[in-house]
Amino acid sequence: MRKPFVAGNWKMNKTVDQASVLVQELLPGLQAVPEVEKVLCPPFTSLMVLSAQLAETGVGLGAQNLHWEASGAYTGEVSPSMVKEFCNYVIIGHSERRAYFAETDETVNKKLKAALAAGLTPIVCIGESLEEYEAGQTSEVVKRQVLQGFKEIDNAIASQIVVAYEPIWAIGTGKAATSEGANAVHRDFIRPVLASLFGSAIAQSIRILYGGSVTAANAAEYFKTSDIDGALVGGASLKPDFLKIVEAARP
Ligand code: PGA
């Protein structure tokens with residue numbers, strides 16, 4: 001049994017005060033759903049304050065990025081141990097980072113190894129572009145992203161990884177993938193590649209989330225499927241509506 005997992009990716013939204021107010025609004029509702037693993041991923045600037053607010057609540061805190069080096073001359077970057085001071089989770093390789101900040105499967109792999117070594121639970125994002133989708137290349141793209149991004153990861157820690165399948169054409173567009181379509185990608189492409197890397201028992205234990213225009217209205221459809229184990233939510237995670245998505249993930 002894979003425990004359902006719902007994470008909110010706040011992206012570049014909310015000052016510390018605004019973030020703290022949103023947490024206050026969400027917290028009682030989030031705590032009422034212990035059957036679901038819940039994680040909030042605000043900007044770096046809010047991590048310190050939110051880590052105090054979320055301590056002992058059962059609601060996890062995640063960063064949206066990290067650097068793979070432990071320290072040094074990397075202006076503007078944040079190391080795994082710095083993230084670990086406040087967080088237990090980290091998003092890696094989001095398509096916006098790949099598109100605007102030159103992240104590749106290779107940097108994803110370095111970040112993934114560094115995150116695991118620091119004891120963080122990585123949420124690794126993969127997904128095809130509209131062009132690739134229309135050309136029927138989804139399978140090929142997600143396979144490549146998993147094979148290269150997950151290279152040289154020990155079987156012993158692989159089940160800690162959370163995968164987020166986020167077709168780029170569905171992110172922030174209101175054009176969500178269908179639940180059948182997303183589930184087929186999880187079941188037929190992603191899980192088999194994970195099995196080829198780590199064996200089928202570990203592949204069966206890895207949570208694979210869907211992300212891309214998930215809302216309170218469509219969330220339940222995804223969670224009914226066999227291989228969608230939760231959601232990575234952008235826009236709808238900035239509103240009290242996020243609670244409805246978490247509730248819909250209850251097994
Ligand atoms: P969205 O974003 O829910 O706003 O489409 C999802 C994501 O980018 O993680």
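Treat the numbers as computed from the prediction; the structure is a model and nothing was measured. For ligands, and for the atoms within them, numbers begin at 1 and follow the listed sequence.
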Enclosure of Lys3 NZ (heavy-atom neighbours >12, cutoff 6.0 Å):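 Count over threshold, so yes.
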
Check: [X]/[Y] side-chain N/O donor and acceptor closer than 3.5 Å:
X	Y	result
Glu166	His94	yes
Gln64	Arg97	no
Ser20	Gln53	yes

Distance (rounded to the nearest 0.5 Å) between Leu112 CG and Ile157 CD1: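 Reported value, rounded in 0.5 Å steps: 8.0 Å.
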
Min side-chain heavy-atom separation Ile208-Leu194 under 4.5 Å: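 Side-chain contact under 4.5 Å: yes.
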
Protein residues having a heavy atom less than 4.0 Å from any atom of ligand 1: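 Its neighbours under 4.0 Å (heavy atoms only) are Asn9, Lys11, His94, Glu166, Ala170, Ile171, Gly172, Gly212, Ser213, Leu232, Val233, Gly234, Gly235, given by chain and number.
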
